[in-house]
Amino acid sequence: KERFSSLLAESLKADYGKVSVQNYGVDGMTGRELAELLKERRIKELSKCDTVIISIGGNNILQHITDGETLSGMITDFDPVALIDYFRYLKTENPEEKSKLSYAVDAVDVLIDSIIAAFEGEAFAKLIETAGDNLRKEIPEIIGEIRKVNKTADIYIQTVYNPFKGVVVELEDITETPIDLGIYGENAVSALNTPILELADEYGYTAVEVHSLFEEYETGLTNAVFDLLTLNLSFDPHPNLRGHLLIADLYYKIMSEDNDD
């Protein structure tokens, strides 16, 4: 009930009385997988719907970043025990134990160097470029499959927001921090949003500027957070309730204006 499509439906009820919403979103789905889903399942509800909202693209990159094989090629091997020992090093006040655990500081330092090198390297740049190129091919397929069963529905595709805007990794005694993850995220979303915006007129859908909406806020719209003091660590890119509310309000405004026309 707290996802943006459900919140949007509640707002639309004031104007239309009865509003039905169906969610076919799948966590982790790429543009290619969405196109294949539409081809294989021929979702019957599409034939009678008035509006189709599409949120796609981010996983074209995220799925590869979180893939173990891809990560192992981007960063050096790292023993996760060293990360645990690093936090033990920070907490202990025992000089002997601190000395014993000091190896973890060097290990984490090397890890951070490797992560920075990976995100600034050619492999990641190529990954981003390929993700954008793939989405440019996938959007026409997705729209085409929808139009096969519904010629008249209004179609909206939202731009990809930066899930790590304002998320800064800062580790005590580590030389290469803080790391502003938002900088690397911005490069990625730009590659994805270019085809979403450029193909809108040609394929007859409305591009919804969720990215610009999120840019107006410094932080606090997604579940991603890195707070070492409270050990609140999460790289979950999905919107939190505040983010979902803002997206729902944006859609309601756009749909209301479209219907006024």
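Quantities reported herein were computed from a predicted structural model and do not represent experimental measurements.
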query = Quick one: does Ser114's side chain have a donor or acceptor within less than 3.5 Å of a partner on Val110's backbone?
reply = yes
Whether Asn162 side chain and Gly182 backbone form a donor-acceptor pair below 3.5 Å = yes
inquiry  = Apply side-chain hydrogen bond (donor to acceptor under 3.5 Å, both in side chains) to residues Tyr252 and Asp15 and explain how you reach the verdict.
reply    = CA-CA 11 Å; Tyr252 179 72; Asp15 300 322; 2.6 Å; yes
ask   = Would you say Glu145's side chain and Ala35's backbone share a donor-acceptor pair under 3.5 angstrom?
value = no
N/O donor to acceptor pairs below 3.5 angstrom from side-chain atoms of residues 120-129, sequence neighbours left out:
unit_1 : atom_1 : unit_2 : atom_2 : d
Glu120 : OE2    : Tyr184 : OH     : 3.0

request  = Report the C-alpha distance between Phe164 and Thr222 in whole Å, list the side-chain angles of each, state the deciding distance to 0.1 Å, and finish with yes or no for side chain to side chain contact (heavy atoms under 4.5 Å, CB included).
outcome  = CA-CA 8 Å; Phe164 304 120; Thr222 75; 6.0 Å; no
message = Using modelled atom types and a 3.5 Å cut-off, is there a donor and acceptor pairing between side-chain atoms of Asp85 and backbone atoms of Leu101?
response = no
ask   = What's the shortest heavy-atom distance between Val160 and Val189, and which atoms?
value = O-CB, 3.7 Å
query = Same cluster or not: are Tyr103 and Ile84 linked, directly or through other Ile, Leu, Val, Met, Phe, Trp or Tyr residues, by side-chain heavy atoms under 4.5 angstrom apart?
reply = no
request  = Would you give the length of the straight line joining atom CD of Gln22 to atom CD of Glu45, rounded to the nearest 0.5 angstrom?
outcome  = 5.5 Å
remark   = Residues at least two apart in sequence or cross-chain that pass side chain to side chain donor-acceptor pair (under 3.5 Å) with Lys39, listed by chain then number, are Glu141
ask   = Can you name the nearest heavy-atom pair linking Asp109 to Ile174, along with the distance?
value = OD1-CG2, 3.4 Å
message = Is the shortest side-chain heavy-atom distance between Asp27 and His238 below 4.5 Å?
response = yes
pair Pro239-Ile247: side-chain heavy atoms closer than 4.5 Å = yes
key: Leu38 and Ile146: CA distance, side-chain angles, deciding distance, side chain to side chain contact (heavy atoms under 4.5 Å, CB included) verdict   = CA-CA 7 Å; Leu38 293 169; Ile146 294 171; 4.2 Å; yes
Cluster link Val26 to Leu135, ILVMFWY, side chain under 4.5 Å = yes
ask   = Are Asn60 and Glu138 linked by a side-chain donor-acceptor pair shorter than 3.5 Å?
value = yes
Close side-chain approach of Glu93 and Lys98, heavy atoms under 4.5 Å = no
inquiry  = Quick check: closest heavy atoms across Gly132 and Pro195, and the distance to 0.1 Å?
reply    = O-CG, 3.8 Å
query = Is Glu10 salt-bridged to Lys13, cutoff N-O under 4.0 Å?
reply = yes
inquiry  = Is there a path of hydrophobic side-chain contacts, each under 4.5 Å between heavy atoms of I/L/V/M/F/W/Y residues, joining Leu197 to Tyr156?
reply    = no
request  = Can you see which heavy atom on Ser6 is nearest to which on Lys1, and at what distance?
outcome  = CB-O, 3.8 Å
note = Shortest non-hydrogen pair, Pro163 vs Ala224, comes out as O-CB, 3.6 Å
inquiry  = Does any part of the side chain of Val208, heavy atoms only, come nearer than 4.5 Å to the side chain of Leu213, both counted from C-beta?
reply    = no
query = Side-chain donor-acceptor pair under 3.5 Å between Gln158 and Tyr251, yes or no?
reply = yes
inquiry  = If hydrophobic clusters are built from ILVMFWY residues whose side chains come within less than 4.5 Å, do Val21 and Leu250 share one?
reply    = no
task = Scan side-chain atoms only and decide if Asp173 and Tyr89 contain a donor-acceptor pair under the 3.5 Å cut-off.
result = yes
Nearest-0.5 Å distance that lies between atom OG1 in Thr159 and atom CD in Glu215 = 10.0 Å
request  = Please determine, by modelled atom types, if Thr51 and Asp154 share a side-chain donor-acceptor pair under 3.5 angstrom.
outcome  = no
inquiry  = Under the criterion side chain to side chain contact (heavy atoms under 4.5 Å, CB included), I'd like the reasoning laid out for Ile179 against Ile112: C-alpha separation, chi angles, the key distance, then a yes or no.
reply    = CA-CA 9 Å; Ile179 304 173; Ile112 296 300; 3.4 Å; yes
Heavy-atom check, side chain of Tyr205 versus side chain of Ile139, under 4.5 Å = yes
ask   = At what distance, to the nearest 0.5 angstrom, does CZ of Phe87 lie from CG of Leu171?
value = 6.5 Å
Tyr161 versus Asn193, side-chain donor and acceptor atoms under 3.5 Å = no
key: Glu97 bridged to Arg88 by N-O distance under 4.0 Å   = yes
query = Would you say Lys165's side chain and Tyr217's backbone share a donor-acceptor pair under 3.5 angstrom?
reply = yes
message = For Asn94, I'd like to know if atom CG has over 12 heavy atoms of other residues, nucleotides or ligands within 6.0 Å.
response = yes
query = Quick one: do Leu7 and Leu12 end up in the same hydrophobic cluster if we chain Ile, Leu, Val, Met, Phe, Trp and Tyr together by side-chain heavy atoms under 4.5 Å apart?
reply = no
query = From Ile56 CD1 over to Met29 CE, what is the distance, rounded to the nearest 0.5 angstrom?
reply = 6.5 Å
message = Donor-acceptor check, side chain of Arg147 to backbone of Asn150, threshold 3.5 angstrom: yes or no?
response = yes
inquiry  = We want to know whether Arg32 and Thr30 form a side-chain donor-acceptor pair, criterion being a heavy-atom distance below 3.5 angstrom.
reply    = no
task = Look only at the side chain of Asn240 and the backbone of Gly243, and say whether a donor-acceptor pair between them is shorter than 3.5 Å.
result = yes
message = Could you report the tightest heavy-atom contact between Pro140 and Arg136, atom names first, then the distance?
response = CD-O, 3.0 Å
request  = Quick one: do Leu8 and Ile53 satisfy side chain to side chain contact (heavy atoms under 4.5 Å, CB included)? Show the steps, please.
outcome  = CA-CA 11 Å; Leu8 172 62; Ile53 291 174; 3.7 Å; yes
request  = Supply the atom-to-atom distance Ile155 CD1 to Tyr203 OH, rounded to the nearest 0.5 angstrom.
outcome  = 12.5 Å
note = d(Ser11 OG, Lys253 NZ) to nearest 0.5 Å is 14.0 Å
